[in-house]
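Working notes for the structure below.
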Amino acid sequence: MNIDKFTITSYDQIIGFDRTTGSLELILDELNDFTLSHEEEKSDIAGKGGRVISSLKKNKKVTGKGTNGMLSGGALAAMLGAEIEDGKHIIRYTDAVTVATNKAVTTEIAIGTIGNEIGTIYVRDANNAYISGGKKLTQSTGADLKTGEFSYDPATKEITFFDGDITDGTEVIMFYDAEVEGKKITNNSDNYSKTLQLFIDVTCIDGCDAVFHGQFIIDRGDFTGTFDIQGGSDPATQGFEFTSMPNLCTGKSYLWDFVIFD
């Protein structure tokens with residue numbers, strides 16, 4: 001490989017590790033774009049007649065900024081100062097079901113106060129509106145239902161309506177709390193973005209078309225907590241930014257090392 005004449009053809013991935021435990025915190029391997037920016041302040045020193053006779057250089061700064069093509073839970077956690085919790089979590093579930101013979105079954109098990117797990121069910125009107133003209137049914141704990149009421153059995157997930165209240169084939173909608181198995185990231189207002197050890201892998205090519213690899217090593221990559229989670233007509237992507245800082249624990253003032261290898 002000839003590093004007198006070479007170019008970086010792609011940023012392949014960025015991986016981040018906890019600086020204390022060494023555990024893996026994030027992987028960004030669908031990089032749409034990435035820029036490693038370098039700044040330096042220079043103040044001219046003037047002599048006789050105002051001519052520049054020297055300069056004072058200070059405040060060297062390195063920042064990394066880019067976009068990953070897909071959201072990364074690890075990157076979100078790094079920018080929020082959060083951890084990823086794996087287990088059972090409570091969500092508000094939206095459930096639209098169809099009524100048959102005064103019965104319906106919820107998709108998930110509604111949880112909450114006994115006799116008020118669902119609370120309210122909304123019925124479409126003739127214009128398919130739930131809120132502006134739809135009918136509301138209220139959950140009852142009594143054995144004998146009245147018109148406008150329904151009961152719910154969490155053990156079977158079965159809803160029972162008052163006889164004749166809902167025509168067969170009618171779709172109703174409800175919103176209830178359900179326990180799901182999944183992962184949770186909490187944006188705590190008291191926690192701030194993390195500083196991680198980062199490794200940035202790149203692919204290079206020299207003037208003779210020889211392909212080789214490189215890696216930027218950043219001991220202290222301080223992530224910013226300012227970012228957007230966009231969506232809509234285009235898929236959500238992961239924008240990120242970090243600042244490289246010297247590793248004061250080792251006494252070194254390095255902002256990065258760049259190792260080039262076959």
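In this structure, Lys65 places its NZ atom where only 12 or fewer heavy-atom neighbours from other residues, nucleotides or ligands lie under 6.0 Å away. Under a cut-off of 6.0 angstrom, the local environment of CD1 in Ile45 is crowded, with over 12 non-hydrogen atoms contributed by other residues, nucleotides or ligands.
Both Phe227 and Phe34 are assigned to one and the same hydrophobic cluster, defined by single-linkage of ILVMFWY side chains at heavy-atom distances under 4.5 Å. Cluster annotation: Phe6 is connected to Ile200 through the hydrophobic network of ILVMFWY side chains, with a link wherever side-chain heavy atoms come within less than 4.5 Å. One hydrophobic cluster, built from ILVMFWY side chains closer than 4.5 Å, holds both Leu255 and Ile260. Cluster membership for Ile229 and Leu31, using ILVMFWY side-chain heavy atoms within less than 4.5 angstrom, is shared. Hydrophobic clustering (side-chain heavy atoms under 4.5 Å, transitive across Ile, Leu, Val, Met, Phe, Trp, Tyr) groups Ile27 together with Phe199.
Judged as a salt bridge (Lys or Arg N to Asp or Glu O under 4.0 Å), and not counting sequence neighbours, Glu108 has no contacts. Taking the salt bridge (Lys or Arg N to Asp or Glu O under 4.0 Å) definition, one finds that Lys103 meets it with Glu158, sequence neighbours left out.
Remark: Met70 CE to Asn32 CG distance equals 11.0 Å, nearest 0.5 Å. Separation of atoms CZ (Phe258) and CD1 (Ile3) is listed at 8.5 Å; rounding is to 0.5 Å. With rounding to the nearest 0.5 Å, the separation of OG1 in Thr167 from CG in Asn102 is 9.5 Å. Taking CD1 from Ile84 and OG1 from Thr186, the interatomic distance works out to 11.0 Å, rounded to the nearest 0.5 Å. Here CZ of Arg220 is found 11.0 Å from OG1 of Thr243. Values are rounded to the nearest 0.5 Å. Note that CG of Asp163 is 10.0 Å distant from OG1 of Thr101, once rounded to the nearest 0.5 Å.
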Taking only distance into account, with no hydrogens and no angle test, what donor-acceptor pairs under 3.5 Å do side-chain atoms of residues 230-242 form with protein atoms, sequence neighbours excluded?
{"unit_1": "Gln230", "atom_1": "NE2", "unit_2": "Thr237", "atom_2": "OG1", "d": "2.6"}
{"unit_1": "Gln238", "atom_1": "OE1", "unit_2": "Ser72", "atom_2": "N", "d": "3.2"}

Could you tabulate the donor-acceptor pairs under 3.5 Å formed by side-chain atoms of residues 14-24, not counting sequence neighbours?
{"unit_1": "Asp18", "atom_1": "OD1", "unit_2": "Thr20", "atom_2": "N", "d": "2.7"}
{"unit_1": "Asp18", "atom_1": "OD1", "unit_2": "Thr21", "atom_2": "N", "d": "2.8"}
{"unit_1": "Asp18", "atom_1": "OD1", "unit_2": "Thr21", "atom_2": "OG1", "d": "3.3"}
{"unit_1": "Arg19", "atom_1": "NE", "unit_2": "Asp219", "atom_2": "O", "d": "3.0"}
{"unit_1": "Arg19", "atom_1": "NH2", "unit_2": "Asn247", "atom_2": "OD1", "d": "3.2"}
{"unit_1": "Thr21", "atom_1": "OG1", "unit_2": "Ser23", "atom_2": "N", "d": "3.3"}
{"unit_1": "Thr21", "atom_1": "OG1", "unit_2": "Ser23", "atom_2": "OG", "d": "3.0"}

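Within the structure, every pair that satisfies the side-chain hydrogen bond (donor to acceptor under 3.5 Å, both in side chains) test and touches residues 77-96, not counting sequence neighbours, is listed here: Glu83-Lys194, Asp86-Lys183, Arg92-Asp177, Asp95-Thr107, Asp95-Tyr176. Legend: side-chain hydrogen bond (donor to acceptor under 3.5 Å, both in side chains) pairs involving residues 203-214, not counting sequence neighbours, sorted by first then second residue: Asp12-Thr203. For the salt bridge (charged side-chain N to carboxylate O under 4.0 Å, His left out) condition, no pair includes a residue of residues 67-77, sequence neighbours left out. Contacts classified as side-chain hydrogen bond (donor to acceptor under 3.5 Å, both in side chains) and involving residues 252-262 (residues at least two apart or in different chains) are given here: His38-Trp256. Within the structure, the side-chain hydrogen bond (donor to acceptor under 3.5 Å, both in side chains) test picks out the following pairs touching residues 136-152 (sequence neighbours left out): Thr106-Tyr152, Glu117-Gln139, Thr147-Asp165. Counting only residues at least two apart or on different chains, no salt bridge (charged side-chain N to carboxylate O under 4.0 Å, His left out) pair has a member in residues 33-60.
Hydrophobic side-chain contacts under 4.5 Å tie Val52 to no other Ile, Leu, Val, Met, Phe, Trp or Tyr residue. When hydrophobic residues (I, L, V, M, F, W, Y) are linked wherever their side-chain heavy atoms come within less than 4.5 Å, the members clustered with Phe162 are Leu145.
Side-chain contact check for Ile118 versus Ile159: some heavy-atom pair is nearer than 4.5 Å. Side-chain contact between Ile166 and Leu137 is present, with at least one heavy-atom pair separated by less than 4.5 Å.
Nearest heavy atom pair, residue Ile218 against residue Ser244, reads CG2-OG, 3.4 Å. Residues Cys204 and Gly214 come closest through the heavy atom pair SG-N, 4.3 Å. Minimum heavy-atom separation, Gly74 to Leu26: C-CB, 3.7 Å. The shortest non-hydrogen separation linking Pro154 to Ala110 is CB-O, 4.3 Å. Of all non-hydrogen atoms in Ala75 and Leu28, the two that sit nearest each other are CB-CD2, 3.9 Å. The shortest non-hydrogen separation linking Ala104 to Phe161 is CB-CE1, 4.0 Å.
Judged purely by distance below 3.5 Å, without hydrogens or angles, the side chains of Glu30 and Asn68 never pair a donor atom with an acceptor atom.
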